[in-house]
Enquirer: 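Take this structure first; my questions come after.
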Amino acid sequence: MSRTARSSGLSICPRCHKLNPAVSGRHRCSRCHAYFYQRKPRSIEYTIAWTIAALVMFIPANMLPIMVVTTLGETEASTILEGIAKFITLGMYPVAVIVFIASFIVPLAKILGLVILVMGVRGGEGLKSKQRTRLYFLVEFLGPWSMLDVFVVTLMAAVVKLGFLTSIEAGTGITYFTLMVIFTMFAAESFDPRLLWDNKYRIPNRNE
Amino acid sequence: MSIFTESSGQVLACPRCDTLAYAPRVKEGQKVLCHCCGSKIMAFKKNSIERTLALTVAGLIVALPAIFMPIIGVGFVGFYHQASLFDSILELFDRGYLLIALAVFLFTAAIPLIKLSGAFYLTWSIKRKRPKPALMKFFRSYHHLDSWAMLHVFVLGVVVSMYKLVDIADLSIGYGFTAFVFLQLCSTLVTVTLDHHYIWHYLERHVDE
Ligand SMILES: [Zn+2]
Ligand SMILES: [Zn+2]
């Protein structure tokens, strides 16, 4: 069983990664002078709260129109899924798949991943902790990609101004969508991956 | 650059799983992986200061055209209109989407620019051997910037927009897009070349607060 910083009465500074002697309570890093705790305080509670907030935002983000297109005086509002359906009817399958993954699969996968991580803190063996740590990397990495559709609408609304022929506006769904992305990123930042390893048997692996 | 040979025997901890490890002797270009969870504990990067300095200069040069020059333009029977990233943010602002305008501004312009100019100031001061206490304070919050810079997502957003527009109008790609792709490239490479471990060691030895 490998020794950990915590079992040796040490604690790693989250800002500069210096090891400081620290047990419980708030500490000040001797190198960068940042304040920190041995484990993020109330990490699980914050992660759950932000995840629920993100899940709540997911509903209006998908129900409300994200883009409003006006062609020759006729307005047509479309949600994210309707926008994807349009790509499919036009035969643009690769773009349809990219947008579907970025704006629908990724947010749900992030929320599901965070739920698995929070549950993983309670049970499981050393090997599973390793897979869960990888899952945390993945949730962090996926974070910003769901902003894709927000950027698309932003740019389209600014560029498509062709007199009375066609114009594009952002829809109200875009606000909820952005909030959802920001909330999942806060949830991932609140989570402390070291909790996945605490009180668990560690299997050192030598093949790296 | 003998920092790491001197410090072998020094104890490191994995930020992901908290396992302790003795720092092995590392040469330039090598990295240390955690033997428990496999995360990267530290990497000794090649010519980190010089490379980062060059990339930040390049990035800052293309930043203004990337933000203010038109990214794409559309034309249709006599009408023509083009827009830059800045125009897009203003458009959101005009329509009353203040929060979204602020978010897009932060993720695609402000944060990447603060990140680049910060990395420039940091590497320039170290290159000139004039570290200041303010550098410590700045570098402490630097790592937060990385996860909120979304230039790469914006580039993909431009590509998706092109697919949406190609159907309804004549599409032209502006210089702003080229500049933006370069900006994104520089920003990503700065993340790769900046050696946090080296800079913290350096600041610890040369800055008295
Ligand atoms: Zn520190
Ligand atoms: Zn580890």
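Just so we're on the same page: letters track the sequence lines, and every chain starts at 1.
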Enquirer: Using the ring centroid of each side chain, check whether B/F154 and A/W145 are separated by less than 6.0 Å.
Expert: no
Enquirer: Is it the backbone or the side chain of B/H144 that comes under 4.5 Å from a heavy atom of chain A, or both, or neither?
Expert: side chain
Enquirer: Both conditions, 6.0 Å and 45 degrees, for the charged tip of A/R15 above the ring of B/Y142: are they met here?
Expert: no
Enquirer: Could you tell me if the side chain of A/V152 sits less than 4.5 Å from the side chain of B/M162, heavy atoms only?
Expert: no
Enquirer: So how far is it from A/L155 CG to B/E91 CD, rounded to the nearest 0.5 Å?
Expert: 11.0 Å
Enquirer: Looking at B/R140 and A/C32, would you say the former's side chain and the latter's main chain have a donor-acceptor pair under 3.5 Å?
Expert: yes
Enquirer: Side chain, backbone, both or neither: which part of A/K18 has an atom under 4.5 Å from a heavy atom of chain B?
Expert: side chain
Enquirer: Checking the side chain of B/H81 only, and the main-chain atoms of A/V159 only, is there a donor and an acceptor separated by less than 3.5 Å?
Expert: yes
Enquirer: Let me know if A/I182 has heavy atoms under 4.5 Å from chain B in its side chain, its backbone, both or neither.
Expert: both
Enquirer: With only heavy atoms counted, which part of A/V153 is less than 4.5 Å from chain B, the side chain, the backbone, both or neither?
Expert: neither
Enquirer: Would you check if B/D18 and A/R39 make a side-chain contact, meaning some heavy-atom pair closer than 4.5 Å?
Expert: yes
Enquirer: Of the listed residues (B/P15, B/S39, B/G73), which shares the most heavy-atom pairs with chain A below a 4.5 Å separation?
Expert: B/P15
Enquirer: Which atoms of A/E140 come close to chain B, meaning under 4.5 Å heavy atom to heavy atom: side chain ones, backbone ones, both, or neither?
Expert: side chain
Enquirer: Within a strict 4.5 Å, meaning less than it, do heavy atoms of the B/K164 and A/M67 side chains meet?
Expert: yes
Enquirer: Heavy-atom distances under 4.5 Å only: say whether B/S141 touches chain A with side chain, backbone, both or neither.
Expert: neither
Enquirer: Can you find a heavy atom in the side chain of A/W197 that is under 4.5 Å from one in the side chain of B/C36?
Expert: yes
Enquirer: So which residue, B/L99, B/V104, B/I71, ends up with the most heavy-atom pairs under 4.5 Å with chain A?
Expert: B/V104
Enquirer: Between B/Y97 and A/T172, is there a side-chain heavy-atom distance shorter than 4.5 Å?
Expert: yes
Enquirer: Could you tell me which portion of A/P94 (side chain, backbone, both or neither) has an atom closer than 4.5 angstrom to a non-hydrogen atom of chain B?
Expert: neither
Enquirer: Has the side chain of B/Y163 got a donor or acceptor atom that lies under 3.5 Å from a matching backbone atom of A/V95?
Expert: no
